[in-house]
K.L.:
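Take this structure, written in structure tokens, and hold onto it; I'll ask about it next.
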Amino acid sequence: MATVGRNVAGPLLFLNLVMYLIVLGFASWCLNRFINGQTHHPSFGGNGATFFFLTFAILASVLGVASKLAGANHIRAWRSDSLASAATSSLVAWAVTALAMGLACKEINIGGYRGWRLRVLEAFIIILTFTQLFYLLLLHAGVFSSSYGPGYRDNPESYAVNVGGGDPAIKGTATTTRSVV
């Protein structure tokens with residue numbers, strides 16, 4: 001069975017979920033201060049790229065949390081039919097996180113005073129970009145070898161359908177199964 005990918009993907013999924021929740025908290029706090037015009041707060045600061053960075057950080061964290069829910073379903077089932085939803089939602093979350101990382105780099109490049117909360121948020125977004133990419137590659141590792149997880153080329157013979165005339169929940173009815181080809 002493909003436990004190598006599952007044993008690595010589970011803890012990485014949990015780590016990314018916790019990091020996305022931390023980013024959501026910090027970005028929400030910073031955006032609230034920014035909207036209220038309290039950029040003079042000693043732990044905030046900011047520059048011209050701050051608003052755009054905070055917007056994409058919140059969007060990336062919400063998409064990241066949603067993709068982790070689909071990923072948790074895939075880790076539980078660990079089949080190729082659950083891989084599709086986990087992989088696509090993780091790809092979208094990684095793309096928006098990469099956009100937020102670009103804005104974080106722009107904010108760092110512009111310079112100026114940035115409080116510790118913005119610097120922590122920038123660091124978390126940069127780290128999340130790479131851990132999310134690693135998680136995404138780990139989900140797709142089953143394409144190359146079945147020892148890493150379910151791929152897109154699983155055998156359809158492993159899925160059986162009910163052919164008989166009876167209800168399998170009622171005892172005494174005859175059911176047969178055949179493989180779908």
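Position 1 is the first residue of the sequence, and the numbers go up from there.
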K.L.:
Out of curiosity, Glu107 CD to Glu122 CD, how far, rounded to the nearest 0.5 Å?
P.N.:
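If I round to the nearest 0.5 Å, the distance is 4.5 Å.
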K.L.:
Taking all atoms of both residues into account, what is the closest heavy-atom pair of Ser82 and Ala77, and its distance?
P.N.:
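Heavy atoms of Ser82 and Ala77 come nearest at OG-CB, 3.9 Å.
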K.L.:
Output all residues satisfying ring pair (Phe, Tyr, Trp, His ring centres under 6.0 Å) with Phe14, sequence neighbours left out; order by chain, then residue number.
P.N.:
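Partners of Phe14 under the ring pair (Phe, Tyr, Trp, His ring centres under 6.0 Å) test: none.
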K.L.:
Distance from Arg119 atom CZ to Tyr113 atom OH, nearest 0.5 Å?
P.N.:
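Nearest 0.5 Å value for the CZ-OH distance: 6.5 Å.
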K.L.:
Would a single hydrophobic cluster contain both Trp29 and Val18, if residues Ile, Leu, Val, Met, Phe, Trp and Tyr are joined by side-chain heavy-atom contacts under 4.5 Å?
P.N.:
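Same cluster: Val18 reaches Trp29 through Ile, Leu, Val, Met, Phe, Trp or Tyr contacts under 4.5 Å.
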K.L.:
Answer whether the closest heavy-atom distance between the side chains of Leu118 and Cys30 falls below 4.5 Å.
P.N.:
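The answer is yes, as the side chains (C-beta and beyond) meet within the 4.5 Å cut-off.
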K.L.:
Taking all atoms of both residues into account, what is the closest heavy-atom pair of Ala87 and Leu136, and its distance?
P.N.:
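Looks like O-CD1, 3.7 Å.
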K.L.:
For residues Ser90 and Leu139, report the shortest heavy-atom separation together with the two atoms involved.
P.N.:
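So the minimum-distance heavy-atom pair works out to OG-CD1, 3.9 Å.
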K.L.:
How about Ser85 and His74: do any of their side-chain heavy atoms sit closer than 4.5 Å?
P.N.:
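No; the side chains remain at least 4.5 Å from each other.
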K.L.:
State, to 0.1 Å, how close Ser61 and Leu24 come at their nearest heavy-atom pair, and which atoms those are.
P.N.:
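Here Ser61 and Leu24 meet closest at OG-CD1, 3.2 Å.
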K.L.:
Atom CG in Leu21, atom NZ in Lys68: separation rounded to 0.5 Å?
P.N.:
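Taking CG in Leu21 and NZ in Lys68, the distance rounds to 11.0 Å.
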K.L.:
Hey, are Thr131 and Asn16 close enough side-chain-wise for a donor-acceptor pair under 3.5 Å?
P.N.:
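Per modelled atom types, Asn16 and Thr131 side chains form a pair under 3.5 Å.
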K.L.:
Is there a path of hydrophobic side-chain contacts, each under 4.5 Å between heavy atoms, that joins Phe34 and Trp116?
P.N.:
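In one cluster with Phe34: Trp116, yes.
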K.L.:
Closest approach of Leu13 and Ala72, non-hydrogen atoms and distance?
P.N.:
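The pair with the smallest heavy-atom distance is CD1-N, 3.6 Å.
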K.L.:
Hey, what do you get for CH2 (Trp94) to CZ (Phe130), rounding to the nearest 0.5 Å?
P.N.:
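CZ of Phe130 is found 9.5 Å from CH2 of Trp94.
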K.L.:
To the nearest 0.5 Å, what is the distance between CG on Leu91 and CD on Gln132?
P.N.:
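It is 9.0 Å, given to the nearest 0.5 Å.
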K.L.:
Do the side-chain N and O atoms of Arg33 and Asn36 include a donor-acceptor pair separated by under 3.5 angstrom?
P.N.:
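Looking only at side-chain atoms, Asn36 and Arg33 do not form any donor-acceptor pair under 3.5 Å.
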K.L.:
Is there side-chain contact between Phe51 and Leu31, with heavy atoms separated by less than 4.5 Å?
P.N.:
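Of all side-chain heavy-atom pairs linking Leu31 with Phe51, at least one is under 4.5 Å.
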K.L.:
Quick check: closest heavy atoms across Ser67 and Gly64, and the distance to 0.1 Å?
P.N.:
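Scanning both residues, the minimum pair turns out to be OG-O, 2.9 Å.
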K.L.:
To the nearest 0.5 Å, what is the distance between OG1 (Thr97) and CG (Leu128)?
P.N.:
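Thr97 atom OG1 to Leu128 atom CG measures 6.5 Å (nearest 0.5 Å).
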K.L.:
With side chains defined as the heavy atoms from C-beta onward, is the minimum distance between Phe53 and Leu121 less than 4.5 Å?
P.N.:
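A side-chain contact under 4.5 Å exists here.
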